[in-house]
Asker: 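Mind looking over this structure? Questions follow.
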Amino acid sequence: MTNSKIWIKSSRSQNTTTCVELTTDLDEIRDSKDPHGPTLRVDVAGFVQAVKSGRFDR
């Protein structure tokens, strides 16, 4: 399976491989240590919106 998506990681990661990467479409996350491994399909924009709205506040 060829994944032609563009992956990005935080500019604060300072070129380490111990972080997560997101697609530019904000629909998949992967472990930067295993770029050919599994990905997690998510609605990142929806997650960020839920955090900002306080949905996960205790």
Side-chain angles (χ1 to χ4, degrees):
M1 179 169 151
T2 303
N3 192 343
S4 61
K5 292 192 177 244
I6 298 172
W7 293 89
I8 56 175
K9 63 181 175 179
S10 170
S11 59
R12 295 184 182 260
S13 66
Q14 301 178 0
N15 295 324
T16 66
T17 58
T18 55
C19 60
V20 295
E21 297 174 313
L22 302 171
T23 61
T24 54
D25 296 334
L26 301 179
D27 64 351
E28 287 185 75
I29 298 175
R30 72 178 179 188
D31 184 347
S32 64
K33 293 185 300 291
D34 189 8
H36 301 292
T39 63
L40 178 63
R41 294 198 45 84
V42 295
D43 175 10
V44 175
F47 176 71
V48 171
Q49 184 178 10
V51 170
K52 286 182 176 182
S53 73
R55 181 173 173 196
F56 302 108
D57 291 353
R58 291 183 174 219

Asker: Under 4.5 Å between side-chain heavy atoms, counting indirect links through other Ile/Leu/Val/Met/Phe/Trp/Tyr residues: same cluster for V20 and W7 or not?
Answerer: no

Asker: If I take atom NE2 from residue H36 and atom CZ from residue R30, how far apart are they, to the nearest 0.5 angstrom?
Answerer: 7.5 Å

Asker: Pick from T24, T39, D27: which one makes a side-chain hydrogen bond (donor to acceptor under 3.5 Å, both in side chains) with K5?
Answerer: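 Exactly one option meets the side-chain hydrogen bond (donor to acceptor under 3.5 Å, both in side chains) with K5, and it is D27.
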
Asker: Under a single-linkage definition using a 4.5 Å side-chain heavy-atom cutoff for Ile, Leu, Val, Met, Phe, Trp and Tyr, are V51 and I29 assigned to the same hydrophobic cluster?
Answerer: no

Asker: Are L40 and V48 grouped together when hydrophobic residues (ILVMFWY) are joined by side-chain heavy atoms under 4.5 angstrom apart?
Answerer: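 Result: yes, single cluster for both.
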
Asker: Would the distance check show the side chain of S32 and the main-chain N or O of C19 forming a donor-acceptor pair, the cut-off being under 3.5 Å?
Answerer: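 Flag set: sc S32 to bb C19 pair under 3.5 Å.
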
Asker: Are L26 and V42 connected into the same hydrophobic cluster when the rule is that any two of I, L, V, M, F, W, Y join if their side-chain heavy atoms are below 4.5 Å apart?
Answerer: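 Yes, it is one cluster - the side chains of V42 and L26 are joined through contacts under 4.5 Å.
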
